[in-house]
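Right, one structure below, let's go through it.
Computed over heavy atoms, backbone and side chain alike; hydrogens, waters and symmetry mates excluded. In each ligand, atom 1 is the first atom listed, and ligand 1 is the first ligand listed.
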Amino acid sequence: KVKLEGGSMIATLSKSDHSKLSRKVQIEKRLLEALNHRDLHVMFLPQQDVKTGAITSVEALVRWEDSVLGTVSPEELIPIAEETGLINEIGQFMLEKSCEQAAIWAQKGMPIKVSFNSSIREFRDKNMVKTIRKVLEKYKCSPELIQIEFTEKFALEAEAEKAIVQQIQKLQQDGIVFVLDDFGTGYASLRYLQMLPIGKLKIDKSFINSVTKQEKLEKLVQGLVQFGQSLDLQVVAEGVESAEQFALLKRVGCDAVQGYYISPPISAEEVEKML
Ligand code: C2E
Ligand code: MG
Ligand code: MG
Ligand code: MG
């Protein structure tokens with residue numbers, strides 16, 4: 001047991017609390033180094049158009065293989081990065097990598113869009129529009145090739161922050177598509193769809209998981225697809241793992257799918273082979 005004593009306050013940490021804490025501290029420290037040495041890398045999750053079968057876009061996902069800590073998953077990494085502010089650095093890295101790769105594919109004549117995940121803090125930075133435009137220019141990447149995903153949690157906070165909304169509007173006018181990720185799992189406010197220029201909805205994989213096993217879920221997913229489309233949004237299902245799920249999503253008119261049934265996250269070279 002570790003004891004922290006501060007004045008009259010005494011807190012005890014169990015052994016497992018302590019090891020969690022020290023892993024967190026280690027992750028922070030190593031992450032800073034990884035960012036400095038550009039040790040992070042990116043994998044791409046293909047997204048398939050349901051009607052045509054074409055791979056029309058990929059989602060860039062951060063990957064970190066640390067020599068000391070081993071593989072650190074985004075689920076572990078992102079919350080710590082958000083807490084420490086290092087999420088801005090990860091965001092910058094993903095922005096650069098996404099624009100660079102989208103431009104390379106465009107030059108090779110491959111019409112494929114790249115989307116990446118973003119967090120609220122990144123748009124609190126008043127220079128976000130400038131930063132993104134500069135990176136697009138650096139790689140000669142057309143804004144139409146880039147999509148930015150965020151979750152409902154992000155959008156809800158944005159509601160309170162006008163400056164964030166304005167930056168997103170400007171970037172949308174440039175041609176960047178904004179994607180509402182993990183749709184259906186957030187805080188049940190639909191006002192963000194009114195506030196923000198969203199172009200695409202991603203139905204969370206927790207709905208897709210058992211969609212072929214529960215009639216209620218099937219109806220729910222069908223409803224979400226119709227809801228999105230009635231607002232002129234492109235609707236994507238994530239976490240599609242089986243032929244049955246794919247067939248069901250096709251039947252209810254979902255626009256695009258991603259998931260292990262199509263492909264796991266792969267390298268840029270593997271994406272090219274898939275096209
Ligand atoms: P997400 O944006 O919803 O990304 C999809 C996640 O589902 C990815 O996990 C992907 O590998 C996984 N996945 C793909 N197909 C399937 C499937 O068929 N079944 C299941 N069960 N999972 C599937 P990953 O890469 O571990 O990322 C987890 C989350 O971490 C992402 O969820 C995203 O919210 C966040 N994330 C990842 N990279 C970044 C990043 O660069 N920046 C930020 N801010 N967040 C990131
Ligand atoms: Mg995403
Ligand atoms: Mg998602
Ligand atoms: Mg998710």
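- Those atoms of ligand 1 that come under 4.0 Å of a heavy atom in P265, given as number and element, are 11 (O).
- Taking every heavy atom of both residues into account, P46 and V58 meet most closely at CA-CG1, 3.8 Å.
- Near E238, the atoms of ligand 1 lying under 4.0 angstrom from a non-hydrogen atom of the residue are 3 (O).
- Proximity of I78 to ligand 1, defined as any heavy-atom pair under 4.0 Å, is confined to the side chain (atoms from C-beta onward).
- A donor atom on one side chain and an acceptor atom on the other are not found under 3.5 Å apart for K113 and Q47.
- Of the heavy atoms in M43, none comes closer than 4.0 Å to ligand 1.
- In this pair, F123 and F178 present their aromatic rings perpendicular. The plane angle is above 60°, beyond the 30 to 60° band.
- In this structure, Q172 contributes its side chain and L196 its backbone to no donor-acceptor pair below 3.5 Å.
- For a threshold of 3.5 Å applied to N or O pairs, the pair formed by D181 and ligand 1 contains at least one separation below that value.
- Per residue E59, closest N, O or S atom to the Mg ion (ligand 2): atom name OE2.
- Counting heavy atoms under 4.0 Å from ligand 1, residue R63 touches it through the side chain alone.
- The proximity of T151 to ligand 1, defined as any non-hydrogen pair under 4.0 Å, does not occur for either the backbone or the side chain.
- Side chains of S115 and E59: no donor on one and acceptor on the other come within 3.5 Å.
- Close approach of ligand 1 to S119 (heavy-atom distance below 4.0 Å) involves ligand atoms 44 (N).
- Listed by number with element, the atoms of ligand 1 under 4.0 angstrom from any heavy atom of L61 are 4 (O), 8 (C), 10 (C), 11 (O), 25 (O), 37 (C), 38 (N).
- When the Mg ion (ligand 2) is compared with the N/O/S atoms of E149, atom OE1 turns out nearest.
- Heavy-atom proximity to E241, at under 4.0 Å, picks out these atoms of ligand 1: 17 (C), 18 (O), 19 (N), 20 (C), 21 (N).
- With a heavy-atom cut-off of 4.0 Å, V240 touches ligand 1 through its backbone alone.
- Within D181, the N, O or S atom lying nearest to the Mg ion (ligand 3) carries the name OD1.
- Side-chain contact annotation: T84 with E28, donor-acceptor N/O pair under 3.5 Å absent.
- Using a distance-only test at 3.5 Å, with no hydrogens or angles considered, no donor-acceptor pair links the side chain of N209 to the main chain of K205.
- S73 and R63 share no side-chain donor-acceptor pair at under 3.5 Å.
- Distances below 4.0 Å separate heavy atoms of D182 from the following atoms of ligand 1: 3 (O).
- Under a 4.0 Å criterion applied to the non-hydrogen atoms of P74, ligand 1 contributes the atoms 24 (P), 25 (O), 26 (O), 27 (O), 28 (C), 30 (O), 37 (C).
- Ligand 1 does not have S73 within reach: every non-hydrogen atom of the residue lies 4.0 Å or more from it.
- Nearest residue to atom 18 (O) of ligand 1 from Y260, Y261, F116 is Y260 (criterion: closest heavy atom).
- Taking a cut-off of under 4.0 Å to the non-hydrogen atoms of K205, the atoms of ligand 1 that pass are 5 (C), 6 (C), 7 (O), 20 (C), 21 (N), 22 (N).
- Among the atoms of S115, no N, O or S atom falls under 2.8 Å of the Mg ion (ligand 2).
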